[in-house]
Q: 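Could you have a look at this structure, given as C-alpha cells, before my questions?
So you know, we letter chains A, B, ... as the sequences are listed, proteins then strands, and number each from 1.
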Amino acid sequence: MTLDFLGGLERTHMCGQLRAEDAGRHVVVMGWVNRRRDHGNLIFLDVRDRSGITQVVLDREISGEAHAKAEAARPEFVVAVVGTVRRREAGMDNPNMATGEVEVVATRLLLLNDARTPPFSPAEGAIANEEVRLKYRYLDLRREEMQRNFLLRHKVAQEIRGYLSGEGFLEIETPFMTRSTPEGARDYLVPSRVHPGSFYALPQSPQIFKQILMISGFDRYFQVARCFRDEDLRADRQPEFTQIDLEMTFPKQEAIFRVAEGFLRAAFGTAGVTIPTPFPQMTYDEAIRRYGIDKPDMRLPAMVDLSETLTPELRITLKIEQELPVLGFTIPRVGSLSGTQRRALVDEIRGIFGDCGLDFLDTARLRTNAEFVPLAEAIGAKLNAEQIVFGGENFTNDDLAIVVTPKLGTPERWNFDSQWIPKRVGALRLELAKKYADRHKLFEKTGTAADFRFLWVTDFPMYEWNEEHSRWDAAHHPFTSPHEEDITSGRLVSDKGRVRALAYDVVLNGTELGSGSIRIHRKDVQQEIFRSLGMTNEEAQSRFGFFLDALEYGTPPHGGIALGLDRIVMILAGATSLREVIAFPKTAKAIDLMVEAPAPVSETQTRELSLRIAHRP
RNA sequence: GGGGACGUAGCUCAGUUGGUUAGAGCGCUGCCCUGUCACGGCAGAGGUCGCGGGUUCGAGCCCCGUCGUCCCCGCCA
C-alpha cells in the first residue's frame, strides 16, 4: 500500500460540522477512520476529527480509485476526503449522530497514514483498563469523552482567566526552580550542577512569591500555577497539579470570597450551570460539631446532638457514659431493611467502630420495647426538628436513623479531644451515605445547580497539636494571620489551642476545592508565629530571611486563595478521578506509564551533578 | 508504612470440588456482499493463565514470595 502526500490540499470543513444545509457543497475533510463498513462495491467510512464524525460513501461506480483505497483503509488510518455533501435519502438518516442527515460522497480519498491495530479502539465507548489507557494515552485521548473533558478544561481555564483579568488581576509567572516552601509536604528536588550539593525545590505552591508580588505593588495577582508535592496519591491527588492561585492587597476575607465565587460562577457557567452566590458560610467549629469533618458534604443532612434526649437514668439502663455526647444522623430514603440486612448493618457498623467504645442504638428496635418507645419518639422528633437543613423533608420510617452512643468505660482520650466523637460519627455518616447512594440518590446528577453544594468553612484553628513530636504545628501554613484579637489578647502565647486563623476553605460536595487566608503583613507578628512554632530566630532567618527582610519594606495587608483547577474540572466533568482531566497523569505509585518516568539516569549525568546513588535496585 | 480488590487471547470477561486438548463476545486476517451506521455472511489466526518458587500422580484453581494497576488509612490542603 502506498501512502499519499497532503500536497496542496486544504481542509474546508470539520467532520462534525456538516448539516443538511451543506448539501451540494464541495468539501475536503480530514481525520481518522473511526469505522469502516465494507459492502463490496460500496464502502462507508466514518471519519472522525475533534469536532465529531461524518459518514463518507465510496462508490466504485463514482470513483474506482477512491473505492480501492477505502478497501485498504483500517481503523485509525489518517485520511483526507474530497467530495460532495449529500442529503441522505428518506429513511436513511441516522438520528444518533449530529451529522446524521448528510454524508460525503467521495471523489478522492487520500491515505495520509496507516495505523497499527490499536490495543483498544478509540471508537468504543467501553473503556480498556487504566493501565492500557495510560500506556497508550494518545489513543485514549482520542476518545470522545476525553476530548470533551479537555475542551471543558480549556473553557473553564479561559473563563477564569477572563474573569480575573476583568477584575483587575494580573497573570504573573513565578519560578518552578526555587527553594523549599513550608507547606508541609515533601519537596521534589532538582540538583544543581553549578552548585554541587545544593538543590532547587519545585514549588508546592507559589505562596511566598505571590506575597512578595503584593509587597511589590501589583495589587492583584493570579496564576494558573503548577504545584508539586511528593506525597502518596489518591483518586483526587496527583503529585503535580494545577491551582488557580490568586492574591490581593487590602482585602477583607469577604472580598476574597466574592472573587472566588465570581470565577467559580463563570467557570460553572461554561458548563451550563448557574450556581447561586454568595455561598453559605460555616465556622470550622460548627463543621466539626454538625458534620464531624472540616469539609462537609451539604447534600446530606447534618448530625444532630441527641444528648438531651437521654436522661441520666436512661443512660444507666443503656450503659451509656453520662458526660459524653450522643450524636445521631439520618441517611434519607434507605427504605425498609430486612432482618438479615439490618443484622449485617449492625455487624458492619460494629466492625467499623472496632473496640473504640462507640456503639449505636437501632431506633426501629427501640420501638419494639414499650419502655423505650418514648425515647425512640423523642429521637424521631429531634431528628425531625433538625432536618430543616435537608430540604424541609420530615424524617420518616424510610430514613435510616443511626444514634451513636459512647459505652461505659470509654477510652480516656475522649476526655481531652472533644472532636473525636463527632469526627468518628461523621466518618460513619459518610460511609453509610456512600453505601446507600443507590437508594437515597442524593449524589446523582440532575443537571441543575442543586448538584453543586458549595460552602465556605472559616475560622480554622491556627495551630494543631502534633502528638508524635509533642509540639504545635501550623494548621494552614505559617504565613496565615491569626484573628487580630487573638494577637492583641496574647493568646498566641498563652492559649495556642484556641487561636483562630483568618483561614478559609471552599468546599464542594464534601471535596475541598481550595484554601486561603489573610496573611501576616507585619514582621513582628510573623516572627512571633515562627517562634511559637518552635523555630529559633536563627532558623527563621536562614529559611525565610529574604521574606522577613521583604516584610520590613512596607508590606500592605494582603490575602488570597488557591483553588484546584483539576478538581473543579473533575467535578464538572462528572469524573471520579483526576486522571480523567489531566492529559498525562501519574499512577498511584507516581509513575507515568507512557514515557516511563521516573527513570534511572546515566553515570555521566550523576557525576556532573556531583551525586552518587547509594542504592541501585 | 498499613489494609483491601484485581491480574486468563489485542480488549472485556467466564473457567465448577485440583483432573483430558483453557472458552465466549468484541477486535484482528482472508473471502463474499450497493444503503450500512455496534452492517451482515462464511472461514481462520491468536494463550509464558503477571512473574518466581512450593504442595501434588496432576495446578489457571491450593500455599509462600514478588511485580503491576486501582481504592482506602497514614501522609498530604
Q: Please state the C1' separation for the pair B/U17 and B/G74 - nearest whole angstrom.
A: 41 Å
Q: Taking atom P in both B/C33 and B/C6, what distance in whole Å separates the two?
A: 49 Å
Q: Once side chain to side chain donor-acceptor pair (under 3.5 Å) is applied, do any residues pair with A/Asp230, and if so which ones, sequence neighbours excluded?
A: none
Q: Under 4.0 Å between any heavy atoms, over every strand shown, what does A/Glu512 touch: base, sugar-phosphate, or nothing? Just pick one.
A: base
Q: With sequence neighbours left out, which residue pairs that include part of residues 54-63 of chain A fulfil the salt bridge (Lys or Arg N to Asp or Glu O under 4.0 Å) condition?
A: A/Arg60-A/Glu71
Q: In whole angstrom, give me the gap between the C1' atoms of B/C76 and B/A38.
A: 44 Å
Q: Once hydrogens and angles are ignored, does a donor-acceptor distance under 3.5 Å link the base of B/C33 to the side chain of A/Asp38?
A: yes
Q: From CD of A/Gln238 over to P of B/C71, roughly how many Å is that when rounded to an integer?
A: 9 Å
Q: Measure centre to centre between the rings of A/Phe547 and A/Phe530, then say whether the value is under 6.0 Å.
A: no
Q: Quick check: A/Phe263 with A/Phe222 (ring centres under 6.0 Å apart)?
A: no
Q: Using the side-chain hydrogen bond (donor to acceptor under 3.5 Å, both in side chains) rule, collect all pairs that involve residues 502-511 of chain A, keeping only residues at least two apart or in two chains.
A: A/Asp505-A/Ser515
Q: Answer with base, sugar-phosphate or nothing: what part of the nucleic acid does A/Ser515 contact at a heavy-atom distance below 4.0 Å?
A: base
Q: Among A/Arg35, A/Arg143, A/Arg142, A/Arg133, which one satisfies salt bridge (charged side-chain N to carboxylate O under 4.0 Å, His left out) with A/Glu124?
A: A/Arg35
Q: Sequence neighbours left out, what passes side chain to side chain donor-acceptor pair (under 3.5 Å) with A/Thr174? Give chain and number order.
A: A/Gln223
Q: Considering every strand and a 4.0 Å limit on heavy-atom distances, what is the contact class for A/Asn34: base, sugar-phosphate, or nothing?
A: nothing
Q: A/Gln243 has a side chain; which of B/G74, B/G68, B/A77 sits nearest to it?
A: B/A77
Q: Between A/Leu134 and A/Asn94, who's closer to the 5' end of RNA chain B by nearest nucleotide?
A: A/Asn94
Q: Sequence neighbours left out, what pairs pass ring pair (Phe, Tyr, Trp, His ring centres under 6.0 Å) with at least one residue falling in residues 31-77 of chain A?
A: A/His39-A/Phe44
Q: Does B/U36 have its OP1 or OP2 closer than 4.0 Å to a side-chain nitrogen or oxygen of A/Gln55?
A: no
Q: Across all strands, who's sitting opposite B/C70 as a Watson-Crick or G-U wobble pair, both distances under 3.5 Å?
A: B/G4
Q: Does A/Phe454 have any ring-ring contact (aromatic ring centres under 6.0 Å, His included) partners at least two apart in sequence or in another chain, and if so, which?
A: A/Phe268, A/Phe279
Q: In this structure, how many angstroms lie between the P atom of B/A77 and the CZ atom of A/Phe460, rounded?
A: 13 Å
Q: Any side-chain N or O of A/Arg37 below 4.0 angstrom from OP1/OP2 of B/U36?
A: no
Q: Identify whether any heavy atom of A/Arg86 sits under 4.0 Å from a base atom; if not, whether one sits that close to sugar-phosphate; answer base, sugar-phosphate or nothing.
A: base
Q: Mind checking what makes side chain to side chain contact (heavy atoms under 4.5 Å, CB included) contact with A/Asp232, not counting sequence neighbours?
A: none
Q: On RNA chain B, does the nearest nucleotide to A/Val57 precede the nearest nucleotide to A/Gly514 from the 5' side, or the other way round? Give the residue.
A: A/Val57
Q: Below 4.0 angstrom, N of the basic side chain to O of the carboxylate: do A/Arg137 and A/Asp140 qualify?
A: yes
Q: Could you work out, with side chain to side chain contact (heavy atoms under 4.5 Å, CB included) as the rule, every residue matching A/Val105, not counting sequence neighbours?
A: A/Ile62, A/Arg86
Q: Whole angstroms only, please: what is the NZ-P distance between A/Lys586 and B/C71?
A: 15 Å
Q: Select one nucleotide: of B/G74, B/C26, B/U36, the one nearest the side-chain heavy atoms of A/Arg88.
A: B/U36
Q: Rounded to the Å, how far apart are A/Asp592 CG and B/U69 P?
A: 11 Å
Q: Would one find a side-chain N or O of A/Thr587 under 4.0 angstrom from OP1 or OP2 of B/U69?
A: yes
Q: Does the separation of the ring centres of A/Phe176 and A/Phe228 fall below 6.0 angstrom?
A: yes
Q: Name the nucleic acid region contacted by A/Arg35, choosing base, sugar-phosphate or nothing; use a 4.0 angstrom heavy-atom cut-off, strictly under.
A: sugar-phosphate
Q: With a cut-off of less than 4.0 Å, is there a side-chain N or O of A/Asn41 near OP1 or OP2 of B/U34?
A: yes
Q: Please give, in whole Å, the distance from B/G74 P to A/Lys423 NZ?
A: 10 Å
Q: In whole Å, I'd like the distance from the CG atom of A/Asp93 to the P atom of B/U36.
A: 13 Å
Q: Which whole number of Å gives the distance between the P atom of B/G25 and that of B/A43?
A: 13 Å
Q: Taking the C1' atom in each of B/A45 and B/C28, what is the distance between them to the nearest angstrom?
A: 8 Å
Q: For RNA chain B, find the residues of residues 63-85 of chain A with a heavy-atom distance under 4.0 Å and give them by number; none if there aren't any.
A: A/Arg74, A/Pro75
Q: What is the distance, rounded to the nearest whole Å, between atom CD of A/Gln207 and atom C1' of B/C76?
A: 16 Å
Q: Is there any protein nitrogen or oxygen under 3.5 Å from a nitrogen or oxygen in nucleotides 8-12 of chain B, and what are the pairs?
A:
{"unit_1": "B/G10", "atom_1": "O2'", "unit_2": "A/Pro119", "atom_2": "O", "d": "2.8"}
{"unit_1": "B/C11", "atom_1": "O4'", "unit_2": "A/Pro119", "atom_2": "O", "d": "3.1"}
{"unit_1": "B/U12", "atom_1": "OP1", "unit_2": "A/Asn129", "atom_2": "N", "d": "2.7"}
{"unit_1": "B/U12", "atom_1": "OP1", "unit_2": "A/Asn129", "atom_2": "ND2", "d": "2.9"}

Q: Nearest to the side chain of A/Met92, heavy atoms from C-beta on, is which of B/C75, B/G68, B/G35?
A: B/G35
Q: Using a heavy-atom cut-off of under 4.0 Å over every strand shown, decide if A/Ala475 touches base, sugar-phosphate, or nothing.
A: base
Q: Is it the case that B/G35 (base atoms only) and A/Glu103 (side chain only) share a donor and an acceptor within less than 3.5 Å, ignoring hydrogens and angles?
A: yes
Q: How would you label the contact of A/Glu89 with the nucleic acid (heavy atoms, under 4.0 Å): base, sugar-phosphate, or nothing?
A: nothing
Q: Rounding to an integer number of angstrom, what distance separates B/U21 and B/G58 when you compare their P atoms?
A: 15 Å
Q: Can you list the residues that meet the side chain to side chain donor-acceptor pair (under 3.5 Å) rule with A/Arg429, with sequence neighbours excluded?
A: none
Q: Using a cut-off of strictly less than 4.0 Å between a heavy atom of the residue and any atom of RNA chain B, enumerate the qualifying residues of residues 573-581 of chain A by number.
A: A/Arg579
Q: In Å and rounded to the nearest 0.5 Å, what is the CG to CG distance from A/Asp38 to A/Asn41?
A: 9.0 Å
Q: Quantified in whole Å, what is the C1' atom distance between nucleotide B/C61 and nucleotide B/U8?
A: 11 Å
Q: Checking all strands, does A/Asp59 fall into the base, sugar-phosphate, or nothing category for heavy-atom contacts under 4.0 angstrom?
A: base
Q: If you check every side-chain atom of A/Glu124, which of B/C26, B/A77, B/C28 has the closest atom?
A: B/C26
Q: Does the structure show A/His39 stacking with B/U36, if we require the centres to be closer than 5.5 Å and the planes to be within less than 30 degrees of parallel?
A: no
Q: Kindly say whether, by distance alone, the side chain of A/Arg116 makes a donor-acceptor pair under 3.5 Å with the base of B/G27?
A: no
